[in-house]
Amino acid sequence: MTDSQVPENRGKLARRTVLMASGAAVTAVGVGGALSVNASAEESAPKAHASAETCYTLTSELVEGPYYIDADKIRRDITEDQEGIPLTLELKVIDADTCKPLRNAAVDIWHCSATGVYSGYESSGNGGGGPAPTGPPPSGTPTGEPPTGGPGGGGGGHQEPTDDDRFLRGTWHTDRHGHVTFKTIFPGWYQGRAVHIHTKVHVDGTWTDAGYEGGRTCHTGQFFFDEKSVLASAEVAPYSTNTSTRTTLTEDTIYPQNGHTGGLLYLKYDKRNIAKGVRAHLTMGVAPDETHDSSDTQPSPSASPSAS
C-alpha cells in the first residue's frame with residue numbers, strides 16, 4: 001500500500017486504557033544495515049505470548065501540549081529534510097479490554113527537531129520559548145533542581161501555528177494487526193522537558209483521499225527515551241550543538257515515572273555508534289469507545305503546561 005492509499009474505517013470497540021510490553025524481539029537498523037547490539041536494559045521485562053497477549057493497566061493519558069497540528073500530513077516518513085539520528089518507531093495499538101488489535105485507527109506522532117524546534121512554530125524558537133540555542137553544547141548529566149517553568153510562549157493551551165512547515169509530524173493507519181511504523185529522527189530536547197514524542201490515536205473517522213476526517217481521539221500520550229540513549233545522542237551532531245538545559249526522565253514532571261507502562265520505549269541500537277540508527281517499539285492499549293483528547297488530562301502541579 002502506498003502513502004496515497006487509505007483504508008476504510010472500522011467500528012468502535014471496547015474501553016479502559018493500558019499499555020503493554022511488546023514481545024517481539026527487534027534488531028536495530030541503521031544507515032549501513034542491520035545491527036544486533038542491544039543498548040536497552042529493558043529487554044528483560046515481561047514479554048507477551050503471541051497467542052495470549054498480557055495487558056498491563058495504567059494511567060497513560062498525558063497532556064497534548066500546545067503544538068499539536070491536526071492530521072494534515074498522511075505519511076509514514078515524517079523526516080523531511082531534518083538532520084539527526086535515524087529513528088524507526090514501531091507501534092502496536094490494541095483494544096485494552098480484549099487485547100485484540102485495533103485496525104484502521106489513525107495514529108498521529110509529532111516531536112521537536114534535534115535542536116528542540118517544533119515545525120509550525122519555528123518563529124518561537126527552541127521548544128516554543130525564545131531563540132534557538134547557541135554556544136558550546138552541554139556535557140554530562142544535568143545537575144541541580146529541575147526547571148519549574150518551561151519555555152515561554154506555550155500559554156498552557158493550544159497555540160495556532162505561526163508558519164507552514166510540518167517536518168517531524170505525520171499520521172498513518174494501523175494495519176489489520178494493529179501495527180503502524182514511522183520513519184523519523186531521534187528527538188532533541190528543550191528546557192523543561194525530557195526527550196519525548198507526542199502521540200494521538202483516533203477512531204470512528206473516515207479515510208478519504210484528503211486524509212482522515214471526523215471521529216474522535218481515544219488516546220493522547222507521549223513516548224519517552226531512557227537516559228543512556230539521550231546521553232549517547234548528545235555526542236552526535238546536530239544534537240551536540242543544542243545548548244538548552246536538558247531535563248532527565250526523573251526530573252520530568254509529565255512523565256509518569258512508571259517505565260514502559262508510562263510510555264518508555266524499548267530501544268535497540270549499536271551502543272558504540274548510535275548515529276547508525278535507533279529502532280524503538282511499544283504496544284499501546286486504548287479505550288476505543290472513550291474520548292481522551294487531553295482536555296481530561298493535566299500535568300502534575302509542578303509542571304508548566306507551556307513546557308509540554
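The figures here come from the full heavy-atom set of this structure, side chains too, leaving out hydrogens, waters and symmetry mates. Every value quoted in this text rests on a predicted model; they were computed, and no experiment measured them. The first residue of the sequence shown is numbered 1, and numbering continues consecutively from there.
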Determine whether a donor-acceptor pair (N or O, by modelled atom type, separation under 3.5 Å) exists between the side chain of Thr220 and the backbone of Leu62. no
Give the minimum heavy-atom separation between Ser233 and Phe186, together with the two atoms involved. OG-CE2, 3.7 Å
Taking Asp175 for the side chain and Arg103 for the main chain, is one N or O donor matched with an acceptor at less than 3.5 Å? no
Under the salt bridge (charged side-chain N to carboxylate O under 4.0 Å, His left out) criterion, do Asp252 and Arg193 qualify, and how do the steps go? CA-CA 6 Å; Asp252 194 272; Arg193 288 303 317 279; 2.8 Å; yes
If only atom types and distance count, is the side chain of Glu80 paired as donor or acceptor with the main-chain N or O of Asp165 below 3.5 Å? no
One should read off an interatomic distance between Cys112 SG and Leu168 CG, to the nearest 0.5 angstrom, of 8.0 Å
Is there a donor-acceptor pair closer than 3.5 Å between any side-chain N or O of Tyr239 and the backbone N or O of Ile85? yes
Can a donor-acceptor pair be found between the side chains of Thr250 and Thr248 at a distance below 3.5 Å? yes
Looking at Thr162 and Gly120, would you say the former's side chain and the latter's main chain have a donor-acceptor pair under 3.5 Å? yes
Regarding Thr217 and His292, is there a side-chain donor-to-acceptor distance under 3.5 Å anywhere? no
Indicate whether the side chain of Ser119 and that of Arg169 have a donor and an acceptor atom separated by less than 3.5 Å. yes
Can you measure from OG1 (Thr171) to OH (Tyr212) and round to the nearest 0.5 angstrom? 10.5 Å
If only side-chain N and O atoms count, and only distance matters, is there a donor-acceptor pair under 3.5 Å linking Glu90 with His179? no
Check Ala96 against Gly285 and note the closest heavy-atom contact, atom names and distance. CB-C, 4.2 Å
Is Asp270 reaching over with its side chain to a backbone N or O of Ile274, donor-acceptor style, under 3.5 angstrom? no
Any side-chain donor-acceptor pair under 3.5 Å between Lys183 and Thr79? no
Is it true that, when you exclude Gln257 itself, more than 12 heavy atoms of the residues, nucleotides or ligands shown sit nearer than 6.0 Å to its CD? yes
Side chain proximity check, Asp108 to Thr199, heavy atoms < 4.5 angstrom: no
Side-chain touch His198/Glu64, heavy atoms, less than 4.5 angstrom: no
To the closest 0.5 Å, what do you measure between NE2 (His260) and CG (Leu282)? 7.5 Å
May I ask you to test the Ile94-Val286 pair for a side-chain heavy-atom distance under 4.5 Å? no
Are side-chain N/O atoms of Asp293 and Thr291 paired as donor and acceptor at under 3.5 Å? no
Measure the shortest side-chain to side-chain distance between Ile254 and Val63 over non-hydrogen atoms and say whether it is less than 4.5 angstrom. yes
Smallest heavy-atom separation, Gly211 atom then Ile74 atom, equals CA-CG1, 3.6 Å
Just do the salt bridge (charged side-chain N to carboxylate O under 4.0 Å, His left out) check on Arg216 and Asp204 with the steps written out, would you? CA-CA 7 Å; Arg216 67 178 180 284; Asp204 291 344; 2.5 Å; yes
Donor-acceptor contact below 3.5 Å, side chain Trp189 vs main chain Ser244: yes
Just by modelled atom types, is the Glu251 backbone N or O under 3.5 Å from a matching donor or acceptor in the Thr247 side chain? no
Roughly how far, to the nearest 0.5 Å, is OH of Tyr121 from CD of Gln159? 7.0 Å
Would you please classify the geometry between the His196 ring and the Tyr190 ring as parallel, tilted or perpendicular, with 30° and 60° separating the classes? perpendicular
Any heavy-atom pair between the side chains of Val195 and Phe224 that's under 4.5 Å? no
Should Lys228 and Asp226 count as an ion pair when the cut-off is N to O under 4.0 Å? no
What are the two closest non-hydrogen atoms of Pro101 and Gly178, and how far apart are they? CB-N, 3.6 Å
Distance, nearest 0.5 Å, that separates CD1 of Ile185 from CD of Gln82: 5.5 Å
Compute both the distance and the angle, then confirm whether Lys200 meets the cation-pi test with Tyr68: under 6.0 Å from the six-membered ring centre, within 45 degrees of the axis. yes
Heavy-atom pair of closest approach, residues Ala105 and Val203: CB-CG1, 4.3 Å
Once you round to the nearest 0.5 Å, how far does NE2 of His111 lie from CG of Leu89? 8.5 Å
Non-neighbouring partners of Phe182 that pass ring pair (Phe, Tyr, Trp, His ring centres under 6.0 Å), sequence neighbours left out: none
Do Leu264 and Phe225 come close enough that some side-chain heavy atom pair is under 4.5 Å? no
Is there a side-chain contact between Thr88 and Thr181, using heavy atoms and a 4.5 Å cut-off? yes
Anything under 30° is parallel, anything over 60° is perpendicular, the rest tilted; go ahead and classify His281 against Tyr266. parallel
Closest heavy-atom pair, Leu87 versus Ala280, reported as atoms and distance to 0.1 Å, is CD1-CB, 4.0 Å
Check: Glu290 and Cys218 side chains under 4.5 Å, non-hydrogen atoms: no
